[in-house]
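Everything quoted here is computed from the prediction, not taken from an experiment.
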Amino acid sequence: MAAKIAYADVEVGTELPAQTFPVNRATLVRYAGASGDFNPIHWNERFAREVGLPDVIAHGMFTMASAIRVVTDWAGDPGAVVEYGVRFTKPVVVPDDDKGALVEVSAKVAAKLDDNTVRVDLTATSAGQKVLGMSRAVVRLA
């Protein structure tokens, strides 16, 4: 597969379609099994509180992976992402209720680079707080 978005059709400031990703305790258990990350802060409320967290929190890498979906869905090819990095600024707190948490992600093209690549800056929030900082991807377009 290749990126479906043409470099010539993109301008600095182009906004990607925003997405919201629900996260509940079952999501965290499935991610723990797939990733092998069984740290109790991701599933044990008592332990999470004992170490100073407000409740169970989502895995940072899960949050990071959810956010980049905005870019891969827009580009049409996960392989188009040639670089991606974030700073974890706040945890995604996942209460034990029917709602869980939401991770809201928006993104825009911040720069056109060489070799048909663009830098996309992402904003990810949960419960009104920014959960990823300096979230940037370099994407090779068609």
Side chain Y84, main chain A65, donor-acceptor under 3.5 Å: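 Not at all, since once roles are kept as given, no pair shorter than 3.5 Å links the two residues.
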
Exercise: identify the closest heavy-atom pair between [X] and [Y]:
X    : Y    : answer
A58  : T63  : CB-OG1, 4.0 Å
E45  : R25  : OE1-NH2, 3.6 Å
P91  : V131 : O-CG1, 4.0 Å
A110 : D121 : CB-OD2, 3.3 Å
V94  : G100 : CG1-CA, 4.4 Å
I57  : L28  : O-CD1, 3.9 Å

Do the non-hydrogen side-chain atoms of [X] and [Y] ever get within less than 4.5 Å of each other?
X    : Y    : result
F21  : L102 : no
L122 : L132 : no
V56  : W43  : no
D55  : R49  : yes
M61  : D37  : no
T27  : F62  : yes
V109 : W74  : yes

Verdict with supporting geometry, L141 and V139, side-chain contact (heavy atoms from CB on, under 4.5 Å): CA-CA 6 Å; L141 300 178; V139 184; 3.8 Å; yes

Residue of the set V70, V138, L16, T14 for which side chain to side chain contact (heavy atoms under 4.5 Å, CB included) holds with V120: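 With V120 as partner, V70, V138, L16, T14 yield a single side chain to side chain contact (heavy atoms under 4.5 Å, CB included), made by L16.
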
Within 6.0 Å of NZ in K112, more than 12 heavy atoms from elsewhere: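 Yes, enclosed.
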
